[in-house]
Amino acid sequence: MHEPLPDGGMIRKLWINETDAYRDHLLRLDPESRNRRFSGAVSDEFIAWHSDSAGGLGVIVHGFFVDGTLRGAAELRSHGSVFAREGEAAFSIEQPWQSHGVGTVLLERTLLSARNRAIKSLQMHCLAENQRMQQLARKFEADLKFDFGSVVGEVDPPRYTPLSLMREAAADAHGVATAILDVQSRLFNPV
Ligand SMILES: CC(C)(COP(=O)(O)OP(=O)(O)OC[C@H]1O[C@@H](n2cnc3c(N)ncnc32)[C@H](O)[C@@H]1OP(=O)(O)O)[C@@H](O)C(=O)NCCC(=O)NCCS
């Protein structure tokens with residue numbers, strides 16, 4: 001996978017005990033980004049409840065980390081049971097890291113995870129004026145059916161294959177290895 005990320009940035013899945021980091025990231029969003037992420041105004045309490053629920057089964061969050069801090073996230077939620085064929089995806093990137101290609105890599109990873117879980121229909125709620133998200137969705141128009149007249153996009157990921165499963169496993173292994181190296185380098189080179 002080609003990952004042209006901003007300097008010092010890495011993407012990996014969040015671990016089950018990282019819901020606090022997810023909450024702190026969502027709380028750091030500027031008001032406009034928060035509004036776009038949740039398609040409307042939400043309170044800090046709602047964000048705390050929402051991020052807590054991201055530790056559950058059927059939720060996969062890919063995180064974008066800079067120097068160990070979560071600065072962006074892509075959340076994939078299955079609707080209903082773990083084996084549900086429908087899901088929902090939502091993206092959040094803190095303002096200084098927007099428009100640097102992070103959303104593109106996060107959407108690519110999310111589509112791969114959706115495909116490997118046989119999710120056939122993936123919804124993304126997007127405000128009609130959200131040009132950046134629409135431009136991002138257009139880059140994946142082979143996999144995405146997006147009606148910008150409404151606020152909901154639908155994805156039909158193709159079926160998983162041994163290769164698509166291997167790609168996700170390789171990305172996961174790479175994410176764990178990079179996280180370990182990142183912690184070590186910050187331990188031995190404190191700022
Ligand atoms: C929407 C969001 C996920 C996009 O991620 P991003 O990292 O900023 O986007 P990228 O840098 O990958 O750019 C995606 C495309 O949008 C285009 N783009 C970048 N900035 C733009 C802008 N201000 N207006 C319109 N298009 C823009 C880019 O040109 C790029 O397309 P290209 O590669 O063909 O040039 C991110 O900006 C974000 O989190 N915004 C706040 C929350 C939100 O809107 N969430 C979406 C609803 S779930």
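Every number for a ligand or one of its atoms is a count from 1 in the order of the listing. In what follows, residues are counted from 1 in the order of the sequence shown.
Residue Thr104 approaches ligand 1 through these ligand atoms, each under 4.0 Å from one of its heavy atoms: 10 (P), 12 (O), 14 (C). Numbered from 1 in the order shown, with element, the atoms of ligand 1 that lie under 4.0 Å from a heavy atom of Gly101 read 10 (P), 11 (O), 12 (O). The atoms of ligand 1 that sit less than 4.0 Å from any heavy atom of Gln98 are 8 (O), 37 (O), 38 (C), 40 (N), 41 (C). Which parts of ligand 1 touch Ile93 is read off a 4.0 Å heavy-atom cut-off, strictly below it: atoms 3 (C), 5 (O), 6 (P), 7 (O), 36 (C), 38 (C), 39 (O). Atoms of ligand 1 found under 4.0 Å from any heavy atom of Ser33 (numbered from 1 in listed order, with element): 41 (C), 42 (C). Distances below 4.0 Å separate heavy atoms of His125 from the following atoms of ligand 1: 47 (C), 48 (S).
Residue contacts with ligand 1 for Met124 are absent, since no atom lies close enough (heavy atoms, distance under 4.0 Å). Both the backbone and the side chain of Ser99 come within 4.0 Å of ligand 1, counting heavy atoms alone. If you look at Leu127 next to ligand 1, there are no close heavy atoms at all, none under 4.0 Å.
Between Phe46 and Trp49, the two ring planes are tilted [angle within 30° to 60°].
For the pair Ala89 and ligand 1, the shortest N or O to N or O distance does not fall below 3.5 Å. On a distance-only criterion, His100 and ligand 1 share at least one N/O pair closer than 3.5 Å.
Classification of Arg117 and Glu168 as a salt-bridged pair holds, one side-chain N sitting under 4.0 Å from a carboxylate O.
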Evaluation steps, side chain to side chain contact (heavy atoms under 4.5 Å, CB included), between Arg34 and Leu27: CA-CA 8 Å; Arg34 185 195 280 209; Leu27 289 173; 3.8 Å; yes
